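Following: one structure in structure tokens, then a few remarks.
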Amino acid sequence: MPELSQETERERGVPPFGLAEVTGPSMVPTLYHGDRLLVRYGARIRAGDVVVLRHPFQQDLLVVKRVAERREGGWWVLGDNAYAGGDSTDYGVVPDELILGRVRFRYRPRRPDQRSPLALVRWALSAARPVFSDRSASRRLRAR
């Protein structure tokens, strides 16, 4: 199915938000496998933001990474987990048109083993949180 431009989406009244699910460990400890994300498509991107992007070599694959810095030709993106890989150290700078949106909110589904009242309270207090930009993480990541 062809993609619509942002102008066409606004004209048709398509909401600028979408949902995504995290798979894999590349964003641990910020995001974990199975976390659900609320993504603001077309949002302004700054260093430190967590974003959803199309993989540069496999564009049907969506990837969640943190923007480390702006470079010539696009954005340098890195995972928060230095040992997981699968970021700009592997595929280089990501062009602007492949950055889809900024992650605004994270929801962690309840695990089946969380049945005790205390476990449910802990889950309820930590399940949904905003995802903030982390400028210090951006500086740490650039140093890698």
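Just so you know, these numbers come straight off a predicted model, no measurement behind them.
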Item to complete: First locate atom CZ of R40, then atom CG of L100, and finally report the distance between them rounded to the nearest 0.5 Å.
Response: 13.5 Å
Worksheet item: Which distance, rounded to the nearest 0.5 Å, do you find between the CG of L37 and the CZ of R102?
Response: 13.5 Å
Discussion item. To check you understand the geometry: which heavy-atom pair defines the closest contact between A84 and S26, and what is its length?
Written reply: CB-CA, 3.4 Å
Discussion item. On the six-membered ring of Y107, is R36 placed so that its NZ or CZ lies under 6.0 angstrom from the centre and within 45° of the ring axis?
Written reply: no
Fill in: side chain to side chain contact (heavy atoms under 4.5 Å, CB included) between L78 and T89, intermediate numbers included
CA-CA 8 Å; L78 297 169; T89 56; 3.8 Å; yes
Worksheet item: Would you call L31 and V50 a side-chain contact if the rule is heavy atoms closer than 4.5 Å?
Response: yes
Worksheet entry | Between CZ on residue R104 and OH on residue Y41, distance to nearest 0.5 Å | 14.0 Å
Discussion item. Looking at S88 and V77, would you say the former's side chain and the latter's main chain have a donor-acceptor pair under 3.5 Å?
Written reply: yes
Practice prompt. Determine the minimum heavy-atom distance between R110 and L120, stating which atoms define it.
Written response: CD-CD2, 3.2 Å
Fill in: Distance (rounded to the nearest 0.5 Å) between L98 CG and L53 CG
7.5 Å
Response to the item:
Of all heavy-atom pairs linking V93 and G73, the shortest is CG1-C, 3.5 Å
Discussion item. For residues 88-100, which residue pairs pass the salt bridge (charged side-chain N to carboxylate O under 4.0 Å, His left out) check, not counting sequence neighbours?
Written reply: R70-D96
Worksheet item: Are any side-chain N or O atoms of R71 and backbone N or O atoms of V94, one a donor and one an acceptor, separated by less than 3.5 Å?
Response: no
Discussion item. Using modelled atom types and a 3.5 Å cut-off, is there a donor and acceptor pairing between side-chain atoms of R54 and backbone atoms of Q59?
Written reply: yes
Discussion item. Is there a path of hydrophobic side-chain contacts, each under 4.5 Å between heavy atoms, that joins W75 and F57?
Written reply: yes
Worksheet item: CZ of R122: more than 12 outside heavy atoms within 6.0 angstrom?
Response: no
Worksheet item: With D113, which residues qualify under salt bridge (Lys or Arg N to Asp or Glu O under 4.0 Å), at least two apart?
Response: R111
Worksheet entry | Closest contact, heavy atoms only, S133 versus R46 | OG-NH2, 4.3 Å
Discussion item. How long is the straight-line distance from CZ of F105 back to CZ of F132, given to the nearest 0.5 Å?
Written reply: 9.5 Å
Discussion item. Using side-chain heavy atoms (C-beta onward) and a distance below 4.5 Å, is V51 in contact with V64?
Written reply: no
Worksheet item: Is there a donor-acceptor pair closer than 3.5 Å between any side-chain N or O of H55 and the backbone N or O of L62?
Response: no
Worksheet item: Is any NZ, NE, NH1 or NH2 atom of the basic residue among D87 and K65 found under 4.0 Å from an Asp or Glu carboxylate oxygen of the other?
Response: no
Worksheet item: Any side-chain donor paired with an acceptor under 3.5 Å for D80 and T30?
Response: yes
Practice prompt. Would you kindly confirm whether Y91 and I45 end up in one hydrophobic cluster when ILVMFWY residues are joined by side chain heavy atoms under 4.5 Å apart?
Written response: yes
